[in-house]
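Structure first, commentary second.
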Amino acid sequence: MSKGITSRVENYSQWYNELVVRAGLAENSGVRGSMVIKPYGYAIWEKMRDQLDKMFKETGHENAYFPLFIPKSYFSKEASHVDGFAKECAVVTHYRLKTDANNQIVVDEDAKLEEELIVRPTSETIIWSTYKNWIQSYRDLPILINQWANVVRWEMRTRLFLRTSEFLWQEGHTAHSTAQEAMAETRQMLDIYAEFAENWLALPVIKGAKSASERFAGALETLSIEAMMQDGKALQSGTSHFLGQNFAKAFDVKFLTKEGKQEYVWASSWGVSTRLMGALIMAHSDDKGLVLPPKLAPIHVVIVPIYKNTGELEKISAAVKIMMTELKAKGITVKFDDNDNNRPGFKFAEYELKGVPVRLAMGMRDLEAGNVELVRRDTLEKQVVKQVGIAEYIEKLLIEIQQNIYSKAHKHREANTHKVDTYAEFKQIIESENGGFVLAHWDGTPETEEKIKEETKATIRCIPFDSPEEDGVCMYSGKPSKQRVLFAKAY
RNA sequence: CGGGGCAUAGCGCAGUCCGGUUAGCGCAUCUGCUUUGGGAGCAGAGGGUCGCAGGUUCGAAUCCUGCUGCCCCGACCA
């Protein structure tokens, strides 16, 4: 195994692939397009999940679980929904295997299902077929449910975390008595995603609405948060959909209003997936490995002893134990790596690869002086600090690291976001090495959007909420436009 | 689904063109000694149905046929 990883400049894509594997986050499995999430990677996902779950519950949502299999007939009830997902569905057709004449295990053709089952690519249909039974009156509304689940989308080309055939996610599905309430829910959940991305992933995001062609299959409106990766490409990091009455109509879900009228129910759905892991990795990490924001790091502090014999190790360990107790008391996760098989230099490189935010090293020199050597992962700055008061120091430092990682990502995005008024300029920026975000006028037609995509591979990531109204002309067609939209190449 | 590449020890690879000692190297593993402030050194040891199935041949990792899997590049997508 080589020592380092491919640098970002050398080959960004390869850097990412190697980093995911070498840092022990995930690996490819024997199943095409499906990954194994390893303990260290899963620990990060658990932290994300726990925090999001808390935020969902704080806003009145409850968890539930719906089936993995969806009868084909349910799935086909909402026309645009089918159109959107049909090409990437795994289908269960049989329920039994048998041993054939050659002693091979084969599918038993006699055990063909009367109705095929779709492995869920998303759960709107199974959930709305259920909601039909739960909703009769306005008193039954709203329903605010989330589920943590796996889904399958048969992808042609996959990449660890960014696009795999099976992935983990959460999907919220809510039912409301008015359009306004459903839309407010859609917006509220997008805000929660944005807050999570910025405060936990340390990732600045742009909130906005999708253009019609980028909308979720079956939605009237799709909102998303878009983040910039270090190579200037956009990564859609969360989506929230206003589904109108489409699914209520498809599954005949009506409720009795206060006024005694029968009306169709209004819906929203929203989700984030293990793709957030990809965002986290690509946004902050460097050529030495992962850089994790402290709020999501499975280990905050690693302590490496430097010693010549067991006597020294014992003395160092005693001092380390005291620091560990103090750190743990403040809720800081700390690992003391006294494994004698690896030498300090190896450990330094290893924990940098794994993105541990703070590393302490202590040898006899430090011990005698009452010091400890401290290195922060985000800047790789080395300093010598007093053992006394170390917990308070690190507590503050972790907050500073979290902020620094965010502001670094924010600066990078600002430096690579451009306002552009001509198509020539647009192409020049989009095709340049660092790519980036471009804010430009667009005439609002799918035709123009499609042409731009064909010619440059850039797409409209969103129509940002905070983009001011401003008279202009479409950079492509010259037709009038009232607002700039966000273009970028995307993952 | 189209184009390309790969499959040999736990991992990374050489050997394949041009068939012929006992299939080799690095890392990892095990043992011992010396080491330990940025990926340790020396000595020794263990570890292989050469992806699978056929075929050609006195003889196949190597040649032929078929199959399978994975990776990369495109079209599709969160």
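Just so you know, these numbers come straight off a predicted model, no measurement behind them. Below, chains carry the letters A, B, ... as their sequence lines are ordered, and counting in each starts from 1.
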What's [X] touching, base or sugar-phosphate or nothing? Going by heavy atoms closer than 4.0 Å.
X	answer
A:F167	base
A:L235	nothing
A:R159	nothing
A:T164	base

Which residue, A:L162 or A:L380, contacts RNA chain B at a nucleotide closer to its 5' end, judged by nearest heavy atom?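 Taking each residue's closest nucleotide, the earlier one in sequence belongs to A:L380.
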Of A:S273 and A:F348, whose nearest nucleotide on RNA chain B comes first from the 5' end?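 The residue closer to the strand's 5' end, by nearest nucleotide, is A:F348.
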Do A:L144 and A:F56 have side-chain heavy atoms sitting under 4.5 Å apart?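 In short, these two side chains do not touch, never coming nearer than 4.5 Å.
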Can you check whether [X] has a side-chain N or O nearer than 4.0 Å to OP1 or OP2 of [N]?
X	N	answer
A:N28	B:C71	yes
A:N17	B:C72	yes
A:R343	B:G37	yes

Distance in angstrom units between [X] [atom1] and [N] [atom2], rounded:
X	N	atom1	atom2	answer
A:D337	B:G38	CG	P	16 Å
A:I306	B:U35	CD1	P	17 Å
A:N341	B:G32	CG	P	12 Å
A:E27	B:G10	CD	C1'	12 Å
A:F216	B:A78	CZ	P	9 Å
A:W154	B:A78	CH2	C1'	17 Å
A:Q14	B:G5	CD	C1'	14 Å
A:N309	B:C33	CG	P	16 Å

Counting distance alone, no hydrogens or angles: does the base of [N] have a donor or acceptor under 3.5 Å from a partner atom on the side chain of [X]?
X	N	answer
A:D366	B:G37	yes
A:E352	B:G38	yes
A:K382	B:G38	yes

For the side chain of [X], starting at C-beta, report the closest nucleotide among [options].
X	options	value
A:R157	B:C77, B:G38, B:A75	B:A75
A:K457	B:C77, B:A75, B:G38	B:A75
A:F346	B:G39, B:C77, B:A75	B:G39
A:R163	B:A78, B:G37, B:C77	B:C77

Is A:K210 positioned over the aromatic face of A:F216, cation under 6.0 angstrom from the ring centre and no more than 45 degrees off axis?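 Not satisfied by the 6.0 Å and 45° rule.
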So, is the end of the A:K233 side chain (NZ or CZ) under 6.0 Å from the ring centre of A:Y491 and within 45° of the ring's axis?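 Output yes; distance and angle both within limits.
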With both distances under 3.5 Å as the test, what is the Watson-Crick or G-U wobble partner of [N]?
N	result
B:G37	none
B:A45	B:U29
B:C17	none
B:A75	none
B:A23	none
B:A61	none
B:G66	B:C52

What's the gap between [N] and [M] when it is taken at their [atom1] atoms, as a whole Å value?
N	M	atom1	answer
B:C63	B:G20	P	10 Å
B:U16	B:C11	P	23 Å
B:G15	B:A23	C1'	8 Å
B:A14	B:U34	P	39 Å
B:G44	B:G55	P	45 Å
B:G54	B:G46	P	33 Å
B:C33	B:G12	C1'	29 Å
B:G48	B:G10	P	8 Å

Side-chain ion pair, A:E431 and A:K457, N-O less than 4.0 Å: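 Answer for the salt bridge query: no.
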Crowded around A:W148 CH2? As in, over 12 foreign heavy atoms under 6.0 Å?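 Yes, because the 6.0 Å sphere around CH2 of A:W148 holds more than 12 heavy atoms from other groups.
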Above 12 or not: heavy atoms from other molecules or residues under 6.0 Å from OH of A:Y74?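 No, not enclosed.
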Residues A:T222 and A:E214: side-chain donor-acceptor under 3.5 angstrom: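 There is no such pair between these side chains.
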For A:H61 and A:Q170, does a side-chain donor sit closer than 3.5 Å to a side-chain acceptor?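 Judged by distance alone, the side chains do not pair up.
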